[in-house]
Amino acid sequence: MSATMSDLLLDWYDRHARRLPWRVSTGERPDPYRVWLSEVMLQQTTTAAVAPYFAAFTARWPTVEALAAAPEEAVMAAWAGLGYYSRARNLVKAARAVADLGGFPDTEAGLRALPGVGDYTAAAVAAIAFGRRAVVIDANVERVVARLYAIATPLPGARKAIRVAADTITPGKRAGDFAQAMMDLGATICTARDAKCLLCPLQSACAARALGDPLRFPVKAVKKARPLRTGTAFWIERDEAVWLVTRPAKGLLGGMRALPDDGWLARADGHGEAPLAGAWKAAGVVRHGFTHFDLELGVATYAGEGVPAGEGQWWPLERLDEAGLPTLFAKAAERVLAQRSTDGED
DNA sequence: AAAACGTGGCT
DNA sequence: TAGCCAAGTTT
């Protein structure tokens with residue numbers, strides 16, 4: 001009897017599984033909270049970027065009940081720098097829902113109903129935390145399956161065919177290991193820029209390898225160019241404190257603390273007008289890339305006695321690293337403070 | 001259903 | 001370097 005694809009893959013996984021902070025040793029039942037938390041953090045985010053955040057979150061909030069009891073603001077600040085901030089807001093909502101339920105749903109459908117849990121995450125948690133058979137499809141699995149079956153339809157159109165193919169090779173047992181094995185294979189052997197076919201446990205079954213050009217798959221639609229936007233952020237300082245605002249809950253950097261700005265958007269440049277009349281001085285420019293546009297953000301500092309209108313707070317400079325500024329504004333602040341220390345030395 | 005939504009690392 | 005890419009979800 002010949003080994004199935006899943007047998008070959010699971011044997012490989014038993015020897016080559018990556019060791020990651022959110023994984024447990026073979027045979028141990030993982031904590032659903034840690035599985036869910038890691039999966040949400042890993043959405044569109046590399047394992048290297050996630051590791052320190054996962055450590056910090058699990059140290060500070062060891063259980064879903066602890067996280068449910070945390071102020072949303074504290075969770076948002078702890079998430080600062082990781083990106084896709086709606087994840088943090090949904091994380092709190094989901095934790096509170098789970099706490100109300102008395103524990104995590106143990107089915108894919110139940111998990112899928114939680115905020116911030118989509119098809120991928122529901123399947124991954126059902127499989128990894130609860131051992132349920134689920135078809136787990138992330139970018140790794142998409143790539144591996146597209147190559148295994150030489151699926152020539154461009155993404156995202158190929159998604160249906162990929163799901164059907166993934167379903168046929170997903171085993172009923174060791175569902176969580178199989179899912180993680182596919183992802184490890186995609187992350188270490190069958191990568192986007194390379195295909196180490198000689199090391200691949202599925203090499204003899206792979207159609208793309210048989211065709212001699214594995215990197216041809218998956219075929220992708222061409223992407224649009226990202227526009228370049230310009231805008232300004234404003235640094236208003238008084239008594240060793242800087243004026244910070246909280247951005248609207250939805251949209252770009254939603255719910256995060258920030259420097260006041262001139263209204264730049266993904267679709268429009270900033271208007272350039274400052275929130276206070278008075279003397280402003282250019283303090284530098286920060287380049288920052290978002291998913292769908294690039295931003296050239298000028299930073300202006302204020303020399304005057306005025307107080308900004310509207311909501312905001314004076315944040316002590318010595319505790320600025322606790323403000324939970326997203327990377328864009330952390331860069332802007334760094335630019336102001338670095339320039340100042342240089343000035344001081346001159 | 002296409003577009004919005006962050007960031008850092010790698011080539 | 002400029003672009004590509006990473007354990008996607010929401011609207």
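For clarity, every value in this text was computed on a predicted model and none was experimentally measured. Every heavy atom of this structure was used, including side-chain atoms; hydrogens, water molecules and symmetry mates were not. Within every chain, numbering begins at 1; the chains are lettered A, B, ... in the order of the sequence lines, protein sequences first and strands thereafter.
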Using the benzene-type ring in the case of Trp, are the ring centres of A:Y302 and A:W243 under 6.0 Å apart?
no
| query | Does A:R18 get its side chain close enough to the base of C:dA7, under 3.5 Å, for a donor-acceptor pair? | reply | yes
- Indicate, yes or no, whether a donor-acceptor pair under 3.5 Å links the base of C:dG8 to the side chain of A:Y120. no
Determine whether a donor-acceptor pair (N or O, by modelled atom type, separation under 3.5 Å) exists between the side chain of A:R147 and the backbone of A:P218.
no
A:R257 side chain to A:G324 main-chain N or O, any donor-acceptor pair under 3.5 Å?
no
Below the 4.0 Å mark, does B:dA4 have OP1 or OP2 next to a side-chain nitrogen or oxygen of A:R267? yes
note: A:F290, atom CZ; B:dC5, atom P; distance rounded to Å ~ 9 Å
Rounded to whole Å, the CZ-C1' distance (A:R193 to C:dA2) equals 12 Å
Heavy-atom nearest nucleotide on DNA chain C taken for A:K250 and for A:L20; more 5' hit belongs to A:L20
Taking for A:D294 and for A:T191 the nucleotide of DNA chain C with the nearest heavy atom, the one nearer the 5' end belongs to A:D294
| P atoms of B:dA4 and C:dA7, separation to the nearest Å | 24 Å
- Message: In whole Å, measure the gap between the P atoms of B:dG8 and C:dT9 for me.
- Response: 22 Å
*Under the 6.0 Å and 45° cation-pi test, does A:R34 pair with A:W36?*
no
